[in-house]
Enquirer: 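Sharing a structure here in structure tokens format.
Not measured: the values here are computed from a predicted model.
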Amino acid sequence: MSSTKRAGESNENGSKAKKTKKEIDLELQCINTIRAFSADMPEAAKSGHPGAPMGMAPFAHVLFAETMRVSPTKPKWMNRDRFVLSNGHACALQYTMLHLMGYPQVTKEECARFRQLDSCTPGHPESFVTDGIEVCTGPLGQGISNAVGMAIGEAHMAANFNKPGLEIFNHYTYVFCGDGCLQEGVSGEACSLAGHLGLGKLIVLYDDNNITIDGHTDLSFTEDVAMRYESYGWQVITVGEISEEGAVEDLRTAIAAAQKETSKPTMIKVKTIIGWGSTKANTHSVHGAPLGTEDLAATKTKYGLNPGEHFQVSDEVKAVYDARIAENEGFVTEWEGLFAKYKEAYPTEAAELERRFSYQLPEGTLAKLPTFEIGKDKDLATRKFGQMALNSVAADLPELIGGSADLTPSNLTNLSCEGGGDFQKDTPAGRYLRFGVREHGMAAICNGLFAYGGLRPFCATFFNFAGYALGAIRLSALSKFGVIYIMTHDSIGLGEDGPTHQPVEMCESIRSMPNINLMRPADCNETSACYGIALEQNETPSVICLSRQTLPGLAGSSVEKAQKGGYILSDSSAQPQLILVASGSEVGCCVEAAAKLNADGIATRVVSMPCMDLFLEQPLEYQKSVFVSGVPCLSVEASAVHGWHRFSHAQIGMTRFGASAPAKDLFAKFGFTTENVVKRGVELVEFYKGGAVPDLMNRPVFDNVVAGAH
């Protein structure tokens with residue numbers, strides 16, 4: 001695309017230009033400026049992590065000033081190099097680089113407000129706050145795993161959209177990580193898959209400083225990281241200590257070698273000294289606390305900087321970065337010219353790209369989700385209806401990419417449409433990912449796929465194993481990434497596999513998390529509604545919980561009603577005396593119980609609630625029309641009871657772990673039968689007879705968050 005050479009590339013005669021003494025001195029000045037600027041932030045905040053930024057400053061200089069192609073004016077440019085600071089506690093380093101690279105948000109004033117309320121320099125990187133931040137990092141191991149997803153994204157988009165002479169996707173994904181990231185299991189899961197997939201444009205720079213919070217890594221981490229990553233199928237390049245002047249040349253050479261290796265990802269293992277230049281260097285004391293006024297001043301003196309000046313950037317250093325900014329803007333302009341030619345030659349593909357990167361659904365797509373005629377269409381498990389729903393729109397939504405954690409025959413998430421084959425090293429155009437038994441890595445990779453842009457990732461496992469993936473699911477919600485989680489075998493109804501596999505607490509766990517929709521459909525129509533909701537909500541992840549066992553189609557269900565989160569499924573002819581509310585497989589049981597209660601003279605309403613959060617977003621008037629004042633309510637769900645207290649006066653739910661038995665026997669043992677629901681419904685009505693029934697909808701709801709920047 002460009003005649004401009006990447007960092008470390010040779011001149012035309014095959015040799016590398018040797019730097020002059022003046023150039024080396026300026027380079028060291030840039031590196032020391034990064035160190036001091038980064039250390040100033042924790043000092044101003046009186047909290048933070050100066051040590052890693054001081055050690056990794058040479059990484060940052062070579063990568064940002066010479067190597068990466070990014071744009072502060074167009075931070076979402078499709079073909080930008082992606083950068084992930086996986087050791088997110090070192091975020092002062094990333095903010096320093098964003099400032100030097102001209103990102104308008106990240107001013108000196110904002111850097112001085114490091115870790116303060118409503119600043120754009122929070123205590124760990126937040127993608128929804130600061131331009132130039134791709135993903136939220138800080139929970140160690142997540143960022144490097146997200147980067148695997150981004151590298152998959154680049155390979156997939158290049159395979160599907162690049163044309164001869166028009167390579168509109170041609171970039172790298174770079175990662176900084178530390179010892180902690182490589183100790184977390186999620187990184188091993190993701191990086192193992194990256195090696196299998198041969199993601200040659202993924203380059204990780206490992207800050208091998210041998211320090212964690214407890215002390216030196218010889219306390220707990222003595223494995224040979226290089227051998228482990230080589231066994232994953234990575235190229236590993238080792239670079240000696242780069243703290244001293246001139247030593248960054250080896251780093252340049254390593255990056256160039258990594259760029260040339262296109263068949264496998266690369267780890268560049270670099271020896272650094274945490275807190276370089278400080279009296280606390282090479283100790284855990286410099287990891288998570290400011291240097292202190294005296295030590296910081298002395299360190300700046302050692303760097304050749306003014307000890308009394310904060311956030312200092314000399315004109316010479318600024319000129320280095322201004323030159324790189326101008327060069328990068330030239331790359332953007334060049335790419336825009338290329339894309340204009342692409343648009344002219346391939347208008348359909350260009351329009352598709354623009355649609356996908358703006359998260360717009362093609363008109364009429366959701367209308368293709370199946371609807372069912374109750375009593376005519378066959379009853380099936382909701383996981384089978386989920387398979388129908390996913391494949392009904394997959395052809396229209398080529399951005400749908402995902403897979404299962406080695407449970408495809410059970411989750412039923414395989415794509416049957418054209419182009420829905422496997423994504424493998426030799427078939428990167430494919431859309432189905434074989435994640436293997438790697439639930440946490442799977443979810444973290446999907447976060448990276450969403451962050452990449454133009455893709456809507458989904459992933460699947462048994463609902464109980466969402467517990468393995470919970471750290472990454474939480475980051476989906478925090479980051480506003482609309483990842484679709486398909487969780488089958490959603491209750492004790494999975495049967496004989498027993499309590500190790502029965503997710504009695506997972507509904508409560510997910511529901512308690514902000515900005516995530518847990519949806520548990522009761523039948524075919526509700527399942528289609530859940531998929532439609534998930535596809536429409538770009539900034540809210542969805543967890544769709546589906547049954548292993550067959551569920552009956554329910555008279556009165558519809559896609560439109562279910563989209564409200566909760567609705568009246570069936571009602572008595574008279575004013576109700578009892579309300580039964582349930583989700584998923586227990587709704588059918590409530591319908592049968594209501595028929596008996598109505599026949600016995602207790603007017604009973606059945607409310608299906610596939611999604612609590614969506615119901616609570618409805619107008620209060622609608623909520624009160626569903627749960628009418630003065631009528632006792634009984635909730636029924638084969639899950640923990642907490643959360644149902646907002647709607648129900650009594651609960652039938654799981655208050656212990658399940659057991660190993662056929663589903664029918666388990667439902668009988670734990671009270672999810674028509675007979676028990678009838679019995680408890682009668683008891684609830686009797687309990688409130690002659691007394692006041694608390695109106696659970698009649699209470700104030702306070703918003704206690706003070707308005708701010710975010």
Enquirer: Does a sphere of radius 6.0 Å around NZ in K425 hold more than 12 heavy atoms from other residues, nucleotides or ligands, not counting ones at 6.0 Å or beyond?
Expert: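 Check passes, neighbour count above 12.
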Enquirer: Give the ring-plane orientation class for F169 versus F357, where under 30° counts as parallel, over 60° as perpendicular and anything between as tilted.
Expert: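 If you compare the ring of F169 with that of F357, the planes turn out parallel.
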Enquirer: Report yes or no: do T488 and N411 form a side-chain donor-acceptor pair below 3.5 Å?
Expert: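 Yes, side-chain donor-acceptor contact under 3.5 Å.
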Enquirer: Indicate whether the side chain of N525 and that of T371 have a donor and an acceptor atom separated by less than 3.5 Å.
Expert: no
Enquirer: Regarding E154 and R82, does a basic nitrogen lie under 4.0 Å from an acidic carboxylate oxygen?
Expert: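 Salt bridge between E154 and R82, a charged N being under 4.0 Å from a carboxylate O: no.
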Enquirer: Regarding Y567 and E526, do their side chains bring together a donor and an acceptor under 3.5 Å, going by distance alone?
Expert: yes
Enquirer: Evaluate the criterion side chain to side chain contact (heavy atoms under 4.5 Å, CB included) for residue pair V607 and F615; output intermediate values, then yes/no.
Expert: CA-CA 11 Å; V607 174; F615 179 76; 5.9 Å; no
Enquirer: Please say which of T262, N170, D81 ends up in a side-chain hydrogen bond (donor to acceptor under 3.5 Å, both in side chains) with K201.
Expert: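 Filter result, single survivor: N170.
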Enquirer: How about T137 and S86: does a side-chain donor come under 3.5 Å of a side-chain acceptor?
Expert: no
Enquirer: Say whether, by atom type as modelled, one donor and one acceptor occur between the side chain of S528 and the main chain of A389 under 3.5 angstrom.
Expert: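 Answer holds: no.
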Enquirer: The criterion is ring-ring contact (aromatic ring centres under 6.0 Å, His included); which residues satisfy it with F385, sequence neighbours excluded?
Expert: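 Partners of F385 under the ring-ring contact (aromatic ring centres under 6.0 Å, His included) test: F372.
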Enquirer: Counting C-beta onward and ignoring hydrogens, is there a side-chain heavy-atom pair between I144 and V204 closer than 4.5 Å?
Expert: yes
Enquirer: Salt bridge or not for E508 and R511, using N-O below 4.0 Å?
Expert: no
Enquirer: If you measure only the distance, is there a donor-acceptor pair under 3.5 Å linking the side chains of S585 and R520?
Expert: yes
Enquirer: Taking side chain as C-beta onward, heavy atoms only, is L98 less than 4.5 Å from T121?
Expert: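 When only atoms from C-beta onward are counted, T121 and L98 do not touch, as no gap falls below 4.5 Å.
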Enquirer: Quick one: does any side-chain atom of D379 pair with a main-chain N or O of D523 as donor and acceptor, under 3.5 Å?
Expert: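 Looks like no, no N/O pair under 3.5 Å.
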Enquirer: Suppose the criterion is ring-ring contact (aromatic ring centres under 6.0 Å, His included): which pairs have a residue in residues 469-489, not counting sequence neighbours?
Expert: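 Qualifying pairs, neighbours excluded: F450-F481, F462-H489.
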Enquirer: Run the numbers on H440 and Q142 for side chain to side chain contact (heavy atoms under 4.5 Å, CB included), then give the verdict.
Expert: CA-CA 9 Å; H440 199 179; Q142 294 290 338; 2.9 Å; yes
Enquirer: Please check if any side-chain donor atom of E329 sits under 3.5 Å from a side-chain acceptor atom of S71, or the reverse.
Expert: yes
Enquirer: Hey, are E327 and R324 close enough for a salt bridge, meaning a charged N less than 4.0 Å from a carboxylate O?
Expert: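 Counted as a salt bridge, because a side-chain N and a carboxylate O are separated by less than 4.0 Å.
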Enquirer: Ignoring hydrogens and angles, tell me if any N or O in the side chain of N515 forms a donor-acceptor pair with the backbone of A477 under 3.5 Å.
Expert: yes
Enquirer: Pair M97, L100 - check side chain to side chain contact (heavy atoms under 4.5 Å, CB included), show working.
Expert: CA-CA 5 Å; M97 302 319 297; L100 292 173; 4.2 Å; yes
Enquirer: How long is the gap from CD on Q360 to CG on N538, to the nearest 0.5 Å?
Expert: 8.0 Å
Enquirer: Is the closest side-chain donor-acceptor distance between S119 and R113 under 3.5 Å?
Expert: no
Enquirer: Verify, without hydrogens or angle tests, whether K561 (side chain) and S608 (backbone) share a donor-acceptor contact under 3.5 angstrom.
Expert: no
Enquirer: Under the rule for ring-ring contact (aromatic ring centres under 6.0 Å, His included), what residues qualify as partners of H124, not counting sequence neighbours?
Expert: none
Enquirer: Any ion pair linking R69 and E334 (charged N to carboxylate O, less than 4.0 Å)?
Expert: no
Enquirer: For the pair S145 and E189, evaluate side chain to side chain contact (heavy atoms under 4.5 Å, CB included) and give the outcome as yes or no after the intermediate values.
Expert: CA-CA 8 Å; S145 305; E189 293 180 23; over 6 Å; no
Enquirer: Decide if atom NZ of K341 counts as having more than 12 heavy atoms of other residues, nucleotides or ligands within a radius under 6.0 Å.
Expert: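 Counting neighbours around NZ of K341, 12 or fewer heavy atoms of other residues, nucleotides or ligands fall under 6.0 Å, so no.
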Enquirer: Return yes if some donor-acceptor pair links the side-chain N/O of T408 with the main-chain N/O of S404 below 3.5 Å, else return no.
Expert: no
Enquirer: Please check if any side-chain donor atom of S476 sits under 3.5 Å from a side-chain acceptor atom of N447, or the reverse.
Expert: yes
Enquirer: Has the side chain of R434 got a donor or acceptor atom that lies under 3.5 Å from a matching backbone atom of G403?
Expert: no
Enquirer: Indicate the ring-plane relationship of F64 and F83, choosing parallel, tilted or perpendicular according to the 30° and 60° boundaries.
Expert: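 It falls in the perpendicular class, over 60°.
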Enquirer: Can you find a heavy atom in the side chain of P541 that is under 4.5 Å from one in the side chain of V543?
Expert: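 Side chain of P541 against side chain of V543, heavy atoms only: no contact under 4.5 Å found.
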Enquirer: Could you tell me whether the side chains of T67 and Y174 share a donor-acceptor contact shorter than 3.5 Å?
Expert: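 Looking only at side-chain atoms, Y174 and T67 do not form any donor-acceptor pair under 3.5 Å.
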Enquirer: Are W335 and F331 near enough that their ring centres are under 6.0 Å apart?
Expert: no
